[in-house]
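So that the names make sense, note that chain A is the first sequence line, chain B the second, and so on, each numbered from 1. As the structure is a prediction and not an experimental result, all values here were calculated from the model. No hydrogens, no waters, no symmetry mates; every other heavy atom, side chains included, goes into these values.
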Amino acid sequence: MYIYDSVQKTKLLFEPIRDGEVSIYVCGPTVYDDAHLGHARSSLSFDLLYRTLKALGYSVTMGKNFTDIDDKIIQKVKETGQSMAEITEFYIDRYLEEMDALGVTRADIAPRATESIGAITDMIERLIAKDMAYVSSTGDVYFDTSADEHYGSISSMVSDDESQSRVSHTTDKRDPKDFALWKACVDGDDICFDSSFSSGRPGWHIECSAMIDKHFAHTHGTDKYSIDIHGGGADLLFPHHENEASQSRCDSGHDLSKYWMHNGFVQINGEKMSKSLGNSFFLKDALDIYDGEILRYYLNSVHYRNNFNFSQEDLEVSKKRLDKIYRLKKRVTPTKASMPNKKFKQNILDAMSDDLNISIALAVIDEMVASTNDSLDNNPKDKGLKKETLANIEFVDTLLGFGGKEPFAYFQIGVDEELKLRIETLIDKRTEAKKDKDFGLSDSIRDELVSMGISIMDSADGTLWEKV
RNA sequence: GGAGCCAUCGCCAAGUUGGUAAGGCCGUAGAUUGCAAAUCUGCUAUUCACCAGUUCGAGUCUGGUUGGCUCCUCCA
């Protein structure tokens with residue numbers, strides 16, 4: 001397995017810190033609003049990594065946090081009058097449901113900030129004791145970036161004062177680069193947690209460090225690294241991951257993660273999709289229009305490090321490619337899967353082992369589909385091939401997360417029983433007309449079906465239909 | 001102002017150590033079909049934003065130009 005490490009900016013041979021085991025930690029969402037396509041892509045990218053490593057035989061543990069205490073959540077509490085728990089529970093449930101719809105494997109460990117306060121305050125106390133953090137007059141705690149000689153090594157950000165000109169200066173900070181580990185309560189209605197330094201709440205960066213320390217460092221880490229792979233969106237590289245890495249390094253004396261991976265953005269009209277820009281395409285809205293499996297295929301069809309420009313036309317192309325896989329599956333159904341073709345399986349694994357080269361993997365699948373259809377055209381009763389093909393598709397489903405549906409059901413998404421009956425009645429009528437060589441009638445029935453959004457195809461086994 | 005990424009066929013998009021351009025969509029010619037649809041086959045970039053350099057040889061390396069995006073502030 002080769003992985004592109006965004007710190008070293010090069011592709012590296014992946015060697016886990018513990019033999020046969022891989023620990024991955026991905027920064028999860030702040031749960032104050034619905035997930036957009038960008039969140040989906042990030043989840044999908046690391047899901048691909050997770051599945052690939054598993055297919056390669058590793059024992060993989062994936063962690064993904066929920067930031068459920070944050071300024072924006074508190075703001076929402078004030079706006080809506082709902083409790084913080086009501087808001088965060090709602091969005092966490094929604095997030096999980098939507099990611100399920102995309103076929104994202106759930107994280108093995110999904111810690112929440114509010115459940116990790118002890119680990120967070122412990123880490124802050126240790127940093128204060130080491131004189132690497134300081135408490136301000138108002139009770140805020142800041143990390144002293146000057147205490148870490150390696151600060152900046154993750155994002156390779158230069159630390160001259162000029163580059164910091166856009167950072168608003170908080171008076172209590174000794175240095176503008178310093179960042180908050182703990183924010184003391186200001187008004188009475190703030191959500192506060194007790195600590196030895198002040199009543200307050202954790203800063204964003206410390207959460208991930210503390211959660212990794214609590215859930216991974218001692219069980220999955222070594223004396224050199226806490227985890228194997230740390231992932232997240234490219235926008236998290238600085239300052240979030242820089243700060244995380246710095247805190248953890250100062251606390252534990254070793255590096256936080258051996259490899260760092262960052263996914264590219266989903267863009268709309270060439271611009272990054274983000275809540276602050278107001279151009280978000282929410283996952284729930286996308287899922288209203290498209291099946292999760294199609295969205296998954298589409299969002300994963302471009303290499304994870306590249307930016308992804310969302311367009312409906314491209315999504316339709318993805319649907320066409322997925323359709324072809326399901327048509328083939330329909331063709332080999334019913335049968336029992338045997339073993340996947342060795343070469344096919346290996347070619348896909350090879351592609352995915354090269355920093356998740358999904359384009360090659362999809363091309364291998366397209367070629368398998370075409371050659372199998374060709375063979376089946378020439379020899380429709382090749383049972384061995386059918387069994388192998390089904391196994392091939394099952395392998396694809398396990399590794400890439402699509403192709404797992406019952407093929408007839410796939411083409412009938414959104415068709416209720418009543419409509420189904422009408423379609424089948426019409427098809428029977430058309431079959432009769434065809435038998436009588438009344439092509440005028442049979443064609444007009446076909447036109448009627450087409451106007452209903454149903455496309456039909458005559459085959460040796462009778463007439464099949466699909467919802468377009 | 002500082003830092004970085006990217007630029008490949010009409011569209012989307014692959015191209016580790018430089019060795020002579022995957023795949024999909026669209027289009028097109030055909031096979032098949034009562035006609036379609038579905039399926040298959042052939043064709044579809046002497047060329048990789050532009051300029052210069054290194055090299056026997058560069059999409060791949062170096063320098064520059066132009067254009068796009070991102071980070072430096074919450075962000076997947």
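Here A:Asp34 pairs with A:Arg94 in a salt bridge; the nearest charged N to carboxylate O distance falls below 4.0 Å. A salt bridge is defined here as a Lys NZ or Arg NE, NH1 or NH2 lying under 4.0 Å from an Asp or Glu carboxylate O, and A:Asp443 with A:Arg446 meets this definition. A:Asp288 has no carboxylate O lying under 4.0 Å from a charged side-chain N of A:Lys284, or vice versa, which leaves the two without a salt bridge. With salt bridges taken as basic N to acidic carboxylate O contacts below 4.0 Å, none links A:Asp70 and A:Lys72.
Residue contacts for A:Gln267: at a heavy-atom cut-off of 4.0 Å it reaches the sugar-phosphate backbone alone, with no base atom in range. Across all strands, A:Asp458 comes closer than 4.0 Å to base atoms (heavy-atom distances). Nucleic acid contact class of A:Asp366 (heavy atoms, under 4.0 Å, all strands): sugar-phosphate only. Counting non-hydrogen atoms under 4.0 angstrom, A:Gly264 reaches a base of the nucleic acid. A:Arg305 comes within 4.0 angstrom of nothing in the nucleic acid, heavy atoms only. A:Glu316 comes within 4.0 angstrom of no nucleic acid atom, judged by non-hydrogen atoms across all strands. Heavy atoms of A:Ile456 sit under 4.0 angstrom from at least one base atom. Within the 4.0 angstrom heavy-atom criterion, base atoms lie near A:Ser442. Counting non-hydrogen atoms under 4.0 angstrom, A:Val266 reaches a base of the nucleic acid. Nucleic acid contact class of A:Gly233 (heavy atoms, under 4.0 Å, all strands): sugar-phosphate only. Counting non-hydrogen atoms under 4.0 angstrom, A:Phe265 reaches a base of the nucleic acid. Counting non-hydrogen atoms under 4.0 angstrom, A:Asp443 reaches a base of the nucleic acid. Using a 4.0 Å heavy-atom distance criterion, A:Lys324 is classed as a sugar-phosphate-only contact. At a threshold of 4.0 angstrom between heavy atoms, the contacts of A:His36 include nucleobase atoms, whether or not backbone atoms are also involved.
In A:Arg422, the CZ atom is not crowded: 12 or fewer heavy atoms of neighbouring residues, nucleotides or ligands sit closer than 6.0 Å. Other residues, nucleotides and ligands place no more than 12 heavy atoms under 6.0 Å from the OH atom of A:Tyr2. Within 6.0 Å of NZ in A:Lys383 there are 12 or fewer heavy atoms belonging to other residues, nucleotides or ligands.
Checking B:rU39, B:rG23, B:rA76 against the side-chain heavy atoms of A:Arg331 singles out B:rU39 as nearest. Listed candidates were B:rA22, B:rG23, B:rC25. Nearest to the side chain of A:Ile360 is B:rA22. Here the nucleotide nearest the side chain of A:Val302, chosen from B:rG34, B:rU39, B:rA13, is B:rA13. Among the nucleotides B:rA76, B:rC12, B:rA22, the one closest to the side chain of A:Asp314 is B:rC12. Distances from the side chain of A:Lys9 to the nucleotides B:rC26, B:rC5, B:rA14 place B:rC5 closest.
Under the Watson-Crick or G-U wobble criterion, with both distances below 3.5 Å, B:rA22 has no partner in any strand shown. Pair assignment for B:rA37: none, as no Watson-Crick or G-U wobble contacts are both less than 3.5 Å. B:rA7 and B:rU66 make up a base pair, with Watson-Crick or G-U wobble contacts both under 3.5 Å. Shown here, B:rG42 forms a base pair with B:rU28; the pair counts as Watson-Crick or G-U wobble because both key distances fall under 3.5 Å.
Comparing the C1' positions of B:rA52 and B:rU66 gives a spacing of 15 Å, expressed to the nearest Å. The gap from the C1' atom of B:rC9 to that of B:rG15 amounts to 15 Å, rounded to the nearest Å. A gap of 36 Å separates the C1' atoms of B:rU28 and B:rC69, to the nearest Å. Here the separation of B:rA7 from B:rC48, taken at their C1' atoms, is 10 Å to the nearest Å. Comparing B:rG4 with B:rU41, their C1' atoms are spaced 47 Å from each other, to the whole Å. Between B:rU65 and B:rG19, the two P atoms lie 28 Å apart (nearest whole Å). A distance of about 44 Å separates the C1' atoms of B:rA21 and B:rG34, rounded to the whole Å. Of the C1' atoms belonging to B:rA14 and B:rA22, the separation is 6 Å, rounded to the nearest Å.
A close approach under 4.0 Å does occur between a side-chain nitrogen or oxygen of A:Lys272 and OP1 or OP2 of B:rC71. Taking 4.0 angstrom as the limit, A:Arg327 places a side-chain polar atom (N or O) nearer than this to OP1 or OP2 of B:rU39. Put simply, A:Asn306 has no side-chain N or O that comes within less than 4.0 Å of OP1 or OP2 on B:rC69. Here A:Asn373 reaches the OP1 or OP2 of B:rC40: one of its side-chain N or O atoms lies under 4.0 Å away.
Following rounding to the nearest Å, A:Met368 (CE) and B:rG23 (P) show an atom-to-atom distance of 16 Å. Atom-to-atom, OH of A:Tyr326 to C1' of B:rA37 comes out at 21 Å; the value is rounded to the nearest Å. Separating the CG atom of A:Leu315 from the P atom of B:rC25 is a distance of 15 Å, rounded to the nearest angstrom. Taking atom CZ of A:Arg430 as the reference point, atom P of B:rA37 lies 12 Å away to the nearest angstrom. What separates CG of A:Leu12 from C1' of B:rU17 is a distance of 14 Å, to the nearest Å. The nearest whole Å value for the distance from the CE atom in A:Met457 to the P atom in B:rA38 is 6 Å. In this structure, CG of A:Asp377 is placed 10 Å from C1' of B:rA31, rounded to the nearest angstrom. Whole-Å rounding puts the A:Leu362 CG to B:rG24 P distance at 11 Å.
By the 30° and 60° cut-offs, the orientation of the rings of A:Tyr151 relative to A:Phe238 is perpendicular.
Both A:Arg41 and A:Gly440 lie close to RNA chain B; mapped to their nearest nucleotides by heavy-atom distance, the more 5′-ward contact belongs to A:Gly440. Nearest-nucleotide assignment on RNA chain B puts the 5′-proximal partner with A:His303, out of A:Glu367 and A:His303.
The distance between the ring centers of A:His36 and A:Phe281 does not fall below 6.0 angstrom. The six-membered or imidazole ring of A:Phe308 lies near that of A:Tyr298, with a centre-to-centre distance under 6.0 Å.
With hydrogens and angles ignored, a donor-acceptor pair under 3.5 angstrom links the side chain of A:Arg446 to the base of B:rA36. With hydrogens and angles left out, the side chain of A:Arg321 and the base of B:rC25 share no donor-acceptor pair within 3.5 Å. A donor-acceptor contact under 3.5 Å links the side chain of A:Lys72 to the base of B:rC74.
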